[in-house]
Amino acid sequence: MFDTLSDRLTSVLQNLRGRGRLSDADIDATAREIRIALLEADVALPVVRTFIANVKERAKGAEVSGALNPAQQVVKIVNEELVAILGGETRRLTLAKTPPTVIMLAGLQGSGKTTLAGKLARHLGGQGHTPLLVACDLQRPNAVTQLQVVGERAGVPTFAPEPGNGVGDPVDVARRSIDEAKRAQHDVVIVDTAGRLGVDEVMMRQAADIREAVQPDEVLFVVDAMIGQDAVTTAEAFRDGVGFTGVVLTKLDGDARGGAALSVREVTGQPIMFASNGEKLEDFDTFHPDRMASRILGMGDVLTLIEQAEQVFDQDQAEAAAAKIGTGELTLEDFLEQMLAVRKMGPIANLLGMLPGAGQMKDQLAQVDDKHLDRLQAIIRGMTPAERHDPKIINASRRQRIARGSGVAIREVNELVNRFYEARKMMQQMAGRFGLPGSNRVSKTRKGKKGKKGKGRGPTPPKVRGGLPGMMPGGMPDLSKMPPGLNELPPGLSGLGQFPPGFDPKKFKLPKDKGKEN
């Protein structure tokens, strides 16, 4: 959705790197390019004006002129202003003190309210709640049936006493749903309301009547991120006609510019609470302004990646795998388990796109094919448990059998086995560097043996009496004795090589056990 805006902003900010100082002309030129990028991304003009004014004011202020790296400081300012436009802080749902909590969905027809109702119900169900879906869209054909199907996929019951298709009173259904939730002990009620192709008086009056009947704790305005500037106009109409407490962005996986969706929060004053970026029920998450700003500026979204990993990876299995990596005992069975866990997190290209700097490798990410993992999974599943545990026993005949059983060429089986050995060796080496469990074991070939030259530890370094030249007491370097040119520090750090006024290093005494000469 925001790829075009991300590319433009990243390109503009990269032009600032390597400059020791930024003049007013540099800041004005950068602000002009950022303005063009925002307008091309369909961000509302009043929002762009406010954003550019804030960036220029802060960039020309003392916080940049006294900074060590002004270019990086400008990037920081742009990031902070983007976070402010998107809402500043993450907004959570307000739950009722006395259940049930009533959440009402409002928006235009085609914005994805019905699918979003199932996604929200699944999201809340994973947090320990017991939601109930309510079918109050009785105008659109088969809207009730669609909500029932979505609810069944999400594992959530649906309250639909009326068949819909123009039959039934949505206000009465909404009112009766509260009694049904109390009877069945549901602590959350999600009301799906009707929409129209455009804002009209009938839709507004019906939505206002439903709100008055159920007194919802949250009214979420569902907006299609692909409808352009009409998103701002529609949001203002709903704010004035019905009122809402939060915004939900849908279809963030589309290829539209999407900048108008970023304007909704600034124009209406209500925060963006959730974001939907796919058709599956799991393609839904809480909206974090700081993380979205980082994605737009190409800084990645590592926190979201970690949260997704925590949901699918078992902690005990992860610790056991880490221990096996350190000892070099990782098997193909372990590799298969980790690969299946990664697949549960979503498409591999999306996961890699959350890493910092991934925006510079979009062509490579576009070539990532999840079907390759499916073939690897088929090859490993075609092996016997003994072969997975010890791939060394896989000889030529076994490889032919595995290739025929998994429907691949023998060459792919050979590549999998060879790459597994290389990856296991590399991971074991990395485990020693990062101190993973089991990595501190020393192999027999590296242990020194007495009586044989070259097998023990290396020669002991010679002792230097009085310390090394150019060193101060305690082992710190004396910058005053460095060669010419090396004792000069960048502007702003020049005081690091000098002692405070009145400080005499000769009077500085260390503890006896640490102050002895070598």
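Quick note: numbers below take in every heavy atom, side chains included, and nothing from hydrogens, waters or symmetry partners. Because the structure is a prediction, the values reported are computed rather than measured.
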Ser111 backbone acceptor or donor facing Thr250 side chain under 3.5 Å: yes
Those residues that, when tested against Glu279, pass side chain to side chain contact (heavy atoms under 4.5 Å, CB included) (two or more places apart): none
Point-to-point distance, once rounded to the nearest 0.5 Å, from CZ of Phe274 to CG of Leu249: 12.0 Å
Note, Thr115 side chain near Gln146 side chain (heavy atom, < 4.5 Å): yes
Any side-chain heavy-atom pair of Leu220 and Met104 under 4.5 Å: no
Expected output: side-chain Arg388 to main-chain Ile380 donor-acceptor under 3.5 Å: yes
No-hydrogen, no-angle side-chain donor-acceptor test under 3.5 Å, Thr331 and His389: no
Step-by-step salt bridge (charged side-chain N to carboxylate O under 4.0 Å, His left out) determination, Asp283 to Lys119: CA-CA 8 Å; Asp283 296 333; Lys119 292 183 176 183; 5.5 Å; no
Donor-acceptor contact below 3.5 Å, side chain Arg175 vs main chain Pro170: no
Non-neighbouring partners of Thr268 that pass side chain to side chain contact (heavy atoms under 4.5 Å, CB included), sequence neighbours left out: Ala235, Arg239, Phe244, Val264, Gln270
Any side-chain heavy-atom pair of Leu105 and Ile190 under 4.5 Å: yes
Nearest-0.5 Å distance, CZ of residue Arg381 to CG of residue Leu376: 12.5 Å
CD/Gln215: more than 12 non-hydrogen atoms of other groups inside 6.0 Å: yes
Donor-acceptor under 3.5 Å (Lys113 side chain, Leu108 main chain): yes
Steps toward side-chain contact (heavy atoms from CB on, under 4.5 Å) verdict (Leu82, Phe51): CA-CA 8 Å; Leu82 272 178; Phe51 180 86; 4.1 Å; yes
Any donor-acceptor pair under 3.5 Å from Asp172 side chain to Asp169 backbone: no
Over 12 non-hydrogen atoms of neighbours within 6.0 angstrom of CD in Glu212: no
Minimum side-chain heavy-atom gap Pro157-His186 below 4.5 Å: yes
Distance in Å, Ile52 CD1 paired with Glu57 CD, rounded so as to fall on 0.5 Å steps: 13.0 Å
N/O donor-acceptor pair under 3.5 Å between Asn165 side chain and Asn142 backbone: yes
Test item: side-chain donor near acceptor, Asp192 and Thr114, under 3.5 Å: yes
Value rounded to 0.5 Å, distance of CD in Glu162 from SG in Cys136: 10.0 Å
Residue pair Pro216 / Arg211, side-chain heavy-atom distance below 4.5 Å: yes
Enclosure of Glu415 CD (heavy-atom neighbours >12, cutoff 6.0 Å): yes
Heavy-atom side-chain contact between Val248 and Phe287 under 4.5 Å: no
Result of checking Val214, Val134, Val219 against Val102 for side chain to side chain contact (heavy atoms under 4.5 Å, CB included): Val214
Crowding at CD, Gln185 (>12 non-hydrogen neighbours, <6.0 Å): no
Working for side-chain contact (heavy atoms from CB on, under 4.5 Å), residues Leu95 and Asp187: CA-CA 9 Å; Leu95 301 178; Asp187 65 343; over 6 Å; no
Chi angles and distances behind the salt bridge (charged side-chain N to carboxylate O under 4.0 Å, His left out) call for Glu201, Arg205: CA-CA 6 Å; Glu201 184 179 353; Arg205 183 171 63 250; 3.7 Å; yes
Arg92/Thr286 under side-chain contact (heavy atoms from CB on, under 4.5 Å): CA gap, chis, key distance, verdict: CA-CA 8 Å; Arg92 304 287 181 177; Thr286 303; 3.6 Å; yes
CD1 on Ile77 to OG1 on Thr30, rounded to 0.5 Å: 11.0 Å
Gap between atom CG of Leu132 and atom OG1 of Thr158 - 0.5 Å precision: 7.5 Å
Phe159 side chain reached by Pro161 side chain, heavy atoms, under 4.5 Å: yes
Glu387 side-chain N/O to Thr384 backbone N/O, donor-acceptor pair under 3.5 Å: yes
Any side-chain heavy-atom pair of Thr193 and Gln206 under 4.5 Å: no
